[in-house]
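Reviewing the structure listed below.
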There are 2 protein chains.
Amino acid sequence: MHAEGSDETKEGGEQLHGIGAVAAQTGVSERTLRYYEEIGLLTPRDHSPGGMRRYCSEDIDRVRRIRELQTLMGFNLEEIRSVIAAESRLNTLREDFRSSSDSDHQREVLDAALQALDELRDAARAKIAALQGFLADLDERFARHRRRLEELQAARDAKEEHG
Amino acid sequence: MHAEGSDETKEGGEQLHGIGAVAAQTGVSERTLRYYEEIGLLTPRDHSPGGMRRYCSEDIDRVRRIRELQTLMGFNLEEIRSVIAAESRLNTLREDFRSSSDSDHQREVLDAALQALDELRDAARAKIAALQGFLADLDERFARHRRRLEELQAARDAKEEHG
DNA sequence: CGGTAATCTTACGTTGACGTAAACCAGAGG
DNA sequence: CCTCTGGTTTACGTCAACGTAAGATTACCG
């Protein structure tokens, strides 16, 4: 077993990683990474001359974000795709503004992306609020049941002490 | 069109509802209700002599709870089944304590149910905390991007005013 | 330069959570 | 009694999100 193919100390580029390393670091399967690529959710930064996927650290961040949006927000991959797309547009804001000749259109696009991000915040806040209500209900039920159990327990203890 | 089969003003029993009424009230399909029954997640309180499902209001509450655990906690129906089972055990606490001769065993069961409920609370709290971190990150990113967009917009406005 | 581990493509399988269609009952109203 | 709406069982279909297996190819290591 030789070392992992995670380190590429070339002068020009960033650290690139093989699919196995990415899978290990993110906890998803290699199949899942290929599937994400298949549906256009995550395209590796580069490929080796032989055709092997080379992921950069941003790609790894994106995998983690995908999982976050899945587990925390309960989004499906299609919804996640649009969220990621909006975020990507915001992250390439400067270049888009410089390179584009059609600035009005670009502003509309970026406004839409910002609005999408805002809607995501709203969704997150709504979910937090709902979960807090859910938790409050749980707390109440827990306290009530525990009280009842303790009462019955005290009754039993008293009976045993008495007997 | 005669009236809905939701009202059964019989002296003895509670209000029972047909599967269509339950579906309408909870927003799930009839198929879903039958499926929940199929996997032992929700058995209707009663059946008509002809074999038709008769749900009580507790059943409706349970449907809503199932959806809550699905959408808020992201549980699958198997996980929900165990949660519901624990809650049911707690809800039948009194009868169980009375009817059971083996009180020690019953206490163990109830302790376990209480612990399950407590673990659910922990899970909810963890999810809330994670979502709050997620939201804080979103807020930060949103503010940052909005600032940048406004700066660029101001620059463009100044240029237009100047030219 | 050879061997072994990692990765590739292709393609079919699986699982959960239902949807949908067919053909047969149930029950209230007229 | 008939009809009409709502309900029943049975069974096959579907869709997302992967799992899994096969066989070929690439990459690194000594």
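Side chains are part of it too, since the values below use all heavy atoms of this structure and drop only hydrogens, waters and symmetry mates.
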Report yes if a side-chain nitrogen or oxygen of Y36(B) is closer than 4.0 Å to either non-bridging phosphate oxygen (OP1 or OP2) of dC18(C); otherwise report no.
yes
Whichever of P49(A) and I39(A) has the more 5' nearest nucleotide on DNA chain D, that residue is I39(A)
Is there a side-chain contact between R67(A) and the phosphate of dC18(D), meaning an N or O under 4.0 Å from OP1 or OP2?
yes
Axis bend over the full length of the helix from dC1(C)-dG30(D) to dG30(C)-dC1(D), computed from five pairs that close each end, to 10 degrees
10°
Which of dT20(C), dA17(C), dA26(C) is nearest the side chain of M52(B)? It is dA26(C)
Of dT7(C), dC18(D), dC18(C), the nucleotide closest to the side chain of Q70(A) is dC18(D)
Any side-chain N or O of R34(B) below 4.0 angstrom from OP1/OP2 of dT8(D)?
yes
dG19(D) OP1/OP2 closer than 4.0 Å to side-chain N/O of S29(A)
yes
Phosphate-side-chain proximity, S48(A) and dA27(D), N/O vs OP1/OP2 below 4.0 Å
yes
Does R53(B) have a side-chain nitrogen or oxygen under 4.0 Å from the phosphate oxygens OP1 or OP2 of dT9(D)?
yes
Proximity to DNA chain D (any heavy atom under 4.0 Å), residues of residues 72-83 of chain A only
N76(A), L77(A)
Are any non-hydrogen side-chain atoms of L110(B) and R107(B) less than 4.5 angstrom apart?
no
Show every donor-acceptor pair shorter than 3.5 Å between a side-chain atom in residues 122-131 of chain B and any protein atom, with sequence neighbours excluded, or say none if there are none.
unit_1  : atom_1 : unit_2  : atom_2 : d
D122(B) : OD1    : R125(B) : NH2    : 2.7
K127(B) : NZ     : T71(A)  : O      : 2.9
K127(B) : NZ     : M73(B)  : O      : 3.4

Given side chains that start at C-beta, do those of Q70(A) and L77(A) come closer than 4.5 Å, heavy atoms only?
yes
